[in-house]
Amino acid sequence: MREKKYCIALDDFERRVVVNCMNEMRNSLIEDGKCTDVLDEVLLKIIRSKQKKLKVIYQEV
């Protein structure tokens, strides 16, 4: 069975916040001497992701 993929929509500010938080987490793991392999992979995916134009429609429930 294929793994599920998730997509999230972030603006420039939100993307910077996510990258900065993940980088701080990575730095703290390095200080503690723990493995950062998985975090590195996710961080690179976010950094290398391409920008797509999306039309967002807000609906009240």
Side-chain angles (χ1 to χ4, degrees):
M1 189 168 132
R2 273 176 46 161
E3 292 183 26
K4 289 184 180 181
K5 290 189 177 184
Y6 296 92
C7 296
I8 56 172
L10 301 173
D11 60 18
D12 289 336
F13 176 75
E14 293 169 337
R15 184 175 177 268
R16 283 193 306 260
V17 169
V18 170
V19 170
N20 286 334
C21 289
M22 293 185 74
N23 195 34
E24 288 177 14
M25 183 184 296
R26 182 179 181 273
N27 290 338
S28 67
L29 287 174
I30 290 172
E31 286 178 6
D32 295 340
K34 296 183 180 178
C35 181
T36 62
D37 293 341
V38 176
L39 188 62
D40 291 340
E41 290 177 23
V42 175
L43 187 58
L44 284 174
K45 278 185 179 183
I46 292 173
I47 291 171
R48 292 178 180 168
S49 64
K50 295 182 180 179
Q51 183 178 7
K52 294 181 182 179
K53 290 187 177 183
L54 299 174
K55 184 174 182 180
V56 179
I57 301 172
Y58 294 99
Q59 296 180 345
E60 290 187 31
V61 179

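Here, residue 1 is the first one in the sequence, and each next residue gets the next number.
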S.K.: Let me check something: do Ile30 and Leu44 share a hydrophobic cluster, defined by ILVMFWY side-chain heavy atoms less than 4.5 Å apart, either directly or through other members?
M.R.: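 Each belongs to a different hydrophobic cluster.
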S.K.: Output yes when a side-chain donor or acceptor of Glu14 lies under 3.5 Å from a complementary backbone atom of Asp11, and no otherwise.
M.R.: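 Present.
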S.K.: What's the spacing between Met22 CE and Thr36 OG1 if we round to 0.5 Å?
M.R.: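 The distance works out to 10.5 Å.
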S.K.: So with a 6.0 Å cut-off around CG of Asp12, is the heavy-atom count from everything else above 12?
M.R.: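 No, CG of Asp12 has 12 or fewer neighbouring heavy atoms, counting only those of other groups under 6.0 Å.
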S.K.: Taking only residues two or more places apart in sequence, or in another chain, which ones meet Arg26 in a side-chain hydrogen bond (donor to acceptor under 3.5 Å, both in side chains)?
M.R.: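 Testing Arg26 for side-chain hydrogen bond (donor to acceptor under 3.5 Å, both in side chains), a comparison that skips the adjacent residues, returns Asp40.
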S.K.: Please name all residues satisfying side-chain hydrogen bond (donor to acceptor under 3.5 Å, both in side chains) with Asn27, sequence neighbours left out, ordered by chain then number.
M.R.: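 Testing Asn27 for side-chain hydrogen bond (donor to acceptor under 3.5 Å, both in side chains), a comparison that skips the adjacent residues, returns none.
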S.K.: Could you go through the side chain to side chain contact (heavy atoms under 4.5 Å, CB included) check for Val18 and Arg15 one step at a time?
M.R.: CA-CA 5 Å; Val18 170; Arg15 184 175 177 268; 5.8 Å; no
S.K.: Is it possible for you to say whether Ile8 and Leu43 belong to one hydrophobic cluster, with membership spreading through side-chain heavy-atom contacts below 4.5 Å?
M.R.: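 Shared cluster, yes.
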S.K.: Any idea which heavy atoms bring Asp37 and Cys35 closest together, and the distance?
M.R.: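 Heavy atoms only, the tightest pair is OD2-SG, 3.2 Å.
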S.K.: Answer with yes or no whether the hydrophobic clustering places Val17 together with Ile47; edges join I, L, V, M, F, W, Y residues whose side-chain heavy atoms lie under 4.5 Å apart.
M.R.: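 Different clusters: Val17 never reaches Ile47 through Ile, Leu, Val, Met, Phe, Trp or Tyr contacts under 4.5 Å.
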